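A quick write-up on the structure given underneath.
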Amino acid sequence: AAAAENQGPMWADPDVREVLLAGARSDAPGAAREGALDALMYLACRAENKRPMWNDEGLRAVALAGEHALGLLAALPVG
C-alpha cells in the first residue's frame, strides 16, 4: 500500500478492499487492525482513491469507530 503505483489498483480490487476493511474493524486483533488501518491511510492519500473511499460506507464506519479516525478522515475529502 505504501507504493504509490499500487494504491489505486488496491482500493479498486473488491477482495483487497474487503480484507482491509475486515482487518480494520474494532474487533480485529491488534496487529492485524493496525496493519489494515495503516494500509487504508496510505490508500487514502492517493487522489484517485479519495472520493471512492469516502463514499464507501464500510470505510466510513471503520474510520469513525477507531482511534485512527482523524488520520484516516483527514486524507479523505469532505462533502
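This is a predicted model, so every value here is computed, not measured.
Applying the side-chain hydrogen bond (donor to acceptor under 3.5 Å, both in side chains) rule to Arg17 yields no partners; only residues at least two apart in sequence or on another chain are considered. Every residue meeting the side-chain contact (heavy atoms from CB on, under 4.5 Å) condition with Asn55, not counting sequence neighbours, appears here in chain and number order: Arg51. For Val19, there are no side-chain contact (heavy atoms from CB on, under 4.5 Å) partners, not counting sequence neighbours. Looking at residues two or more places apart in sequence or on another chain, you find a side-chain hydrogen bond (donor to acceptor under 3.5 Å, both in side chains) between Glu48 and Arg46.
Put simply, the side chain of Arg33 never gets that close to the backbone of Gly23: no donor and acceptor are under 3.5 Å apart. Listed for the Arg60 side chain is a donor-acceptor partner under 3.5 Å among the backbone atoms of Trp54.
Clustering ILVMFWY residues whenever any of their side-chain heavy atoms sit less than 4.5 angstrom apart, transitively, puts Tyr42 in a cluster other than the one holding Val62.
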**Asked** Between Leu20 and Leu59, does a side-chain contact (heavy atoms from CB on, under 4.5 Å) hold up when you go through it step by step?
**Response** CA-CA 9 Å; Leu20 288 174; Leu59 178 71; over 6 Å; no
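The minimum heavy-atom distance between Asn49 and Leu43, with the atom names listed, is ND2-O, 3.0 Å.
Residues Leu40 and Leu21 are in side-chain contact: their nearest non-hydrogen atoms beyond the backbone lie under 4.5 Å apart.
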